[in-house]
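In this text, all values refer to a predicted model and were calculated from it rather than measured experimentally. Atoms within each ligand, like the ligands themselves, are counted from 1 in listed order. Throughout, residue positions are numbered sequentially from 1 according to the sequence presented.
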Amino acid sequence: MDEMKVLGIETSCDETAAAVVEIDKSLNCSLLSNVVATSMDLHAKYGGVVPEIAARSHIESIIPVIDEATQPVGWDNIDAIAVTKGAGLGGSLLIGVMTARTLSIAKDKPLYGVNHVEGHIYANFLTTHSTPYDYQLASKAPVFPILGLIVSGGHSQLVLFRDHFDYTLLGRTQDDAVGEAFDKVAKIIGLPYPGGPSVGKKALDGNAQAFDLPKAKMANKYDFSFSGLKTAVLRQAQAIIGQDYTFPSKDLPDRLSEAQKADIAAVFQRVAIETVVDKTILAYEEFRPTSVVIGGGVAASPELRRQLAERLPIEITYQDPRLMTDNGAMIATLGAFKAQLGQPTDNAYTLEPQPNLSM
Ligand code: KG4
Ligand code: ZN
């Protein structure tokens, strides 16, 4: 087809999001609308996403969010619907998938159930927009082979894309995601959720060499593990105040000085980010990709950007931050490529969420 417009729907975690993307026959992608409603504030007091609260927020937000995203385009001009089918929280995914199935049937549009993590990479293919907002988009699309690093609150993965829909998962986390580790460490030292920005800010006042923390050794060199690092932080915090492992973690924030918290934040951040960057460099050297692209909330980390700029031989183009965290545009873009390149559609009567979907 000449041009296609695709609606993308994303509800895998705590963002209810919808967007419309247009793809032309040369595969240039343009963002026509992008709407995100987040329930992050509701989770903040629990220090992490509460699945039941997230699911209830999706129910409340999904119709208004889709209405707002489709309004500038008009349903008659939409050629297909893409929805995140996994990975993610079961109850949250269900709302998006059921809404997309219903719309696909009611509006008679083809349906594509897509992989959330793959979507994070596709957000990098958006190079123009016609929204009223000041998006700073990548100036050109990435070029295959592409090394993709996905670092968020739910995912830590390295993926090698040879071409569209032809990729290999090089490695993934065996336990916590890197963003999740930031969130848990923030909780240990009494900083607010989400932990990435609060730990990053605190780290500015600390000494990143104050002590050291262990890096996990993995059987597959591209796999990640962050739960040991989180435990090492907890033990270090207990030791700093002269206590052993029985000291309750909830009492740590009151006992640590601001300077001690800053050192813990700085050392943890250095080691967590080094772990991600070490593996990215290793994969770069083995596969020599033309482009390296990043997706997920941790991509906002100035420490990650600093270390990558220092160690990676090629320059990384960072997409607009609003397209790196969870959004509908990344799902719409992946759906647009599927539609334009003739990938098979999904059955609107049977598509099911796949919470544990892997790449
Ligand atoms: O992509 P995202 O918005 O949602 C998920 O799919 O998880 O990522 C959220 C994660 C949180 O764990 C948050 O702590 C982390 O991204 N994050 C950061 C920064 N900003 C957000 N981590 C490190 N440094 C940051 N500046
Ligand atoms: Zn995500």
Side-chain angles (χ1 to χ4, degrees), residues 8-17 19 36-41 43-44 46-51 54 58 84-89 92-93 96 114-124 148-157 159 172-173 176-189 191-204 224 226 229-230 265-266 268-277 293-308 318-331 333-334 355 357-359:
I9 299 172
E10 154 64 35
T11 64
S12 67
C13 191
D14 59 343
E15 270 88 25
T16 316
V36 180
T38 177
S39 58
M40 193 199 291
D41 292 350
H43 307 287
Y46 303 102
V49 175
V50 183
H58 288 308
T84 304
K85 68 176 173 186
L89 301 168
S92 292
L93 290 167
V114 308
N115 183 314
H116 176 88
V117 179
E118 207 180 330
H120 271 301
I121 297 306
Y122 274 77
N124 291 281
L149 171 67
I150 300 100
V151 277
S152 74
H155 307 279
S156 308
Q157 307 197 348
V159 188
R172 53 184 291 193
T173 183
D176 296 349
V178 58
E180 195 177 356
F182 272 88
D183 296 337
K184 288 179 174 171
V185 166
K187 204 169 178 174
I188 292 171
I189 58 176
L191 301 177
Y193 174 84
S198 61
V199 169
K201 193 155 160 264
K202 195 77 188 169
L204 294 174
F224 300 94
F226 290 102
L229 180 58
K230 171 204 66 191
F268 160 75
Q269 173 174 260
R270 170 179 62 81
V271 175
I273 297 295
E274 261 174 27
T275 304
V276 170
V277 174
V293 305
I294 308 206
V298 184
S301 163
E303 178 64 10
L304 177 66
R305 294 179 182 214
R306 189 187 65 74
Q307 288 194 22
L308 281 171
Y318 291 93
Q319 188 56 295
D320 189 285
R322 287 162 286 188
L323 301 175
M324 292 180 126
T325 57
D326 289 351
N327 64 82
M330 66 191 222
I331 303 305
T333 307
L334 174 52
L357 182 68
S358 78
M359 292 208 55

Which single N/O/S atom of D326 lies at minimum distance from the Zn ion (ligand 2)?
-> OD1
Looking at CG of N327 and OG1 of T38, how far apart are the two atoms once the value is rounded to the nearest 0.5 Å?
-> 12.0 Å
Closest contact, heavy atoms only, A272 versus V178 = CB-CG2, 4.4 Å
State yes or no: are the ring centers of F268 and F182 separated by less than 6.0 Å?
-> yes
Let me know which protein residues bring a heavy atom to under 4.0 Å of ligand 1; chain then number is fine for ordering.
-> S152, G153, G154, G179, E180, D183, P194, G195, G196, P197, G296, G297, V298, A300, S301, T325, D326
side-chain contact (heavy atoms from CB on, under 4.5 Å) partner of M324, the single match among Q319, M330, H120 | Q319
Out of curiosity, L191 CG to K202 NZ, how far, rounded to the nearest 0.5 Å?
-> 6.5 Å
Testing L357, D326, T11 for side-chain contact (heavy atoms from CB on, under 4.5 Å) with H116, which one passes?
-> D326
Check whether any N, O or S atom of C13 sits under 2.8 Å from the Zn ion (ligand 2).
-> no
Counting backbone and side-chain atoms alike, does H120 have an N/O/S atom under 2.8 Å from the Zn ion (ligand 2)?
-> yes
Can the positive tip of R172 be found less than 6.0 Å from the middle of the six-membered ring of F224, inside 45° of the ring normal?
-> no
